[in-house]
Amino acid sequence: MKINVLTLFPEMIENIAKESILGKAIENGHIIINAVNIREFSNNKHNRVDDYTYGGGAGMLMMAEPVYECYKTVAGSGSRCIYVTPQGHPFSQKMAMDFAKEEEITILCGHYEGIDERVLEEIVTDYVSIGDYVLTGGELAAMVITDAVARLVPEVLGNDDSAEIESFHRNLLEYPQYTRPEVWHDKAVPDELLSGNPKIINPWRLEKSIERTKERRPDLYEKYLVDTKAIDWLKSFKREFIFALEPLRRGEAEIIHFEDGKILVLKDLNENKVYEVCTESKKPDGIDAKLIKNCTIYSTDEKFKDEGNAFVQYVYTEKLMKKPEKETSKKAFLQREKMNQALEKEETFFVLVNDNDEEEKLFQEQMGLYPSRRLVYIK
């Protein structure tokens with residue numbers, strides 16, 4: 001896997017990348033980290049890349065052209081461009097898993113007061129935040145993302161199980177762990193761990209993970225309860241729904257929708273597929289929806305990207321994939337091109353847009369899609 005980092009301070013990236021597991025992964029050829037200095041693409045004789053902001057305000061702003069030329073020169077065709085910003089979507093383990101599936105990603109580091117909005121609209125596909133605070137630059141955030149993604153690349157850790165049995169597996173935090181000496185500061189290693197019996201050790205670890213998650217991350221604990229309920233439900237249909245049960249047990253699937261005793265919709269994170277398990281009506285109660293068969297699903301929500309059948313509320317009556325009046329973002333451009341290809345093959349498709357999200361509605365407008373077609377349920 002190749003990870004490009006566009007930055008004003010490539011030495012920061014290189015110094016971190018050469019250490020520990022990242023350094024070994026680079027040495028063994030499992031990953032490539034390419035730190036590129038944006039200043040080298042300045043058209044100013046002093047290599048200046050910043051200027052004053054229109055409308056006034058404190059601080060300087062990175063100019064569009066050096067960033068654009070740097071990205072255009074470095075990033076491969078189809079490379080996802082991640083801009084690290086407090087305004088982005090919160091970074092998570094699931095997001096890291098998604099990025100790790102790519103052959104190449106490009107991370108853009110801002111500085112000063114940020115970057116000219118126009119170039120962000122042009123090249124950025126993912127806005128990502130590592131927390132609700134402000135750093136002096138994006139380099140540290142870029143390396144947090146790089147480290148989290150790189151360790152998921154096959155053979156980087158040396159033991160693939162290490163990436164599975166740790167924090168956030170099935171929405172649980174990791175259990176407490178101990179090493180020698182057996183007693184330290186009058187605190188002994190729990191007897192369960194000294195037993196050497198997996199039938200005693202594993203239940204103890206699960207119990208401690210649940211206790212720790214409930215205490216420290218009640219939000220994750222609530223998700224764990226839903227997961228557990230769904231797994232218990234699936235067990236009653238184990239033979240029929242083994243394809244859904246095992247990924248969920250291993251923490252490799254994410255629940256999208258669950259109605260106890262009725263419908264379970266989940267996404268397999270490894271195969272990037274959406275599955276449904278249903279024991280009653282194929283159509284949700286109270287929904288006036290039309291069933292579209294054999295459609296290609298495109299969505300601003302990464303959870304819903306698949307091919308299959310779906311119930312939709314709003315249906316397009318004409319081909320609306322026209323180029324919008326104003327220039328689109330790279331993300332919108334790539335989506336529109338994929339949809340046009342589907343239209344040329346006379347494939348049916350629909351788009352999910354979260355009607356409560358202004359960013360997604362704007363994204364849809366940039367793609368020239370009117371009116372919105374909203375997903376109700378995937379069959």
Over all atoms of both residues, closest heavy-atom pair of [X] and [Y]:
X    : Y    : answer
P66  : V49  : CB-CG1, 4.1 Å
V5   : A142 : CG1-CB, 4.1 Å
P176 : K208 : CD-CB, 3.6 Å
C70  : V36  : SG-CG1, 3.8 Å
A75  : T106 : CB-OG1, 3.5 Å

Please check this pair: side chain of [X] against backbone of [Y], looking for a donor-acceptor N/O pair closer than 3.5 Å.
X    : Y    : result
S129 : Q87  : no
E65  : N43  : no
T213 : Y221 : no

Are [X] and [Y] close enough that some pair of their side-chain heavy atoms sits under 4.5 Å apart?
X    : Y    : result
K72  : E69  : yes
I3   : I107 : yes
L152 : V156 : no
E182 : L194 : yes
I82  : F99  : yes
I130 : V84  : no
E207 : E192 : no
L108 : Y71  : no

Inset, instruction - Using the side-chain contact (heavy atoms from CB on, under 4.5 Å) rule, pick out the option among I33, V149, I32 that qualifies with M1. - result: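 Result for side-chain contact (heavy atoms from CB on, under 4.5 Å) with M1: V149.
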Only counting residues at least two apart or in another chain, list the ones meeting side-chain hydrogen bond (donor to acceptor under 3.5 Å, both in side chains) with [X].
X    : value
D219 : R217
D227 : N171
E102 : R80

When rounded to the nearest 0.5 angstrom, what is the spacing between [atom1] in [X] and [atom2] in [Y]?
X    : Y    : atom1 : atom2 : value
H89  : M95  : NE2   : CE    : 7.0 Å
N4   : T146 : CG    : OG1   : 10.0 Å
D51  : M60  : CG    : CE    : 5.5 Å
D50  : N44  : CG    : CG    : 9.5 Å
I210 : L220 : CD1   : CG    : 13.0 Å
L172 : Y224 : CG    : OH    : 5.5 Å

Check the surroundings of atom [atom1] in [X]: do more than 12 heavy atoms from other residues, nucleotides or ligands lie under 6.0 Å from it?
X    : atom1 : value
D132 : CG    : no
Y112 : OH    : yes
R118 : CZ    : no

Legend entry - Sequence neighbours excluded, every pair satisfying side-chain hydrogen bond (donor to acceptor under 3.5 Å, both in side chains) that has a member inside residues 6-22: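 Residue pairs with at least one partner in residues 6-22: T7-E139.
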Inset, instruction - Hey, could you give me each pair passing ring pair (Phe, Tyr, Trp, His ring centres under 6.0 Å) that has a residue in residues 9-65? Not counting sequence neighbours. - result: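 Residue pairs passing ring pair (Phe, Tyr, Trp, His ring centres under 6.0 Å), neighbours aside: F9-H111.
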Inset, instruction - In sequence, state the C-alpha distance, the side-chain angles, and the governing distance for E246 and R249, and then conclude on salt bridge (Lys or Arg N to Asp or Glu O under 4.0 Å). - result: CA-CA 5 Å; E246 287 308 309; R249 271 177 164 171; 3.0 Å; yes
Within one Ile-Leu-Val-Met-Phe-Trp-Tyr cluster: [X] and [Y], side-chain cutoff 4.5 Å:
X    : Y    : answer
M12  : Y83  : yes
L135 : L61  : no
I115 : V134 : no
L206 : I200 : no
M63  : L8   : no

Legend entry - Partner residues of L193 under the side-chain contact (heavy atoms from CB on, under 4.5 Å) criterion, sequence neighbours left out: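 Partners of L193 under the side-chain contact (heavy atoms from CB on, under 4.5 Å) test: Y178, V189, P190, I201, W204, R205.
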Inset, instruction - Dump the intermediate steps for side-chain contact (heavy atoms from CB on, under 4.5 Å) on M62 and V67, then the final yes or no. - result: CA-CA 8 Å; M62 289 177 65; V67 173; 4.0 Å; yes
Inset, instruction - Please test I13 against M143 for side-chain contact (heavy atoms from CB on, under 4.5 Å), starting from the C-alpha separation and ending with a verdict. - result: CA-CA 7 Å; I13 306 299; M143 289 312 296; 3.5 Å; yes
Inset, instruction - May I ask you to decide whether E27 forms a salt bridge with K24, counting only side-chain N to carboxylate O separations under 4.0 Å? - result: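 No salt bridge links E27 with K24.
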Inset, instruction - Let me see the working for L225 and K223 under side-chain contact (heavy atoms from CB on, under 4.5 Å), right down to the final yes or no. - result: CA-CA 5 Å; L225 292 179; K223 293 180 181 179; over 6 Å; no
Legend entry - Residues K214, E211; criterion side-chain contact (heavy atoms from CB on, under 4.5 Å); working and verdict: CA-CA 5 Å; K214 185 176 181 180; E211 289 177 358; 5.9 Å; no
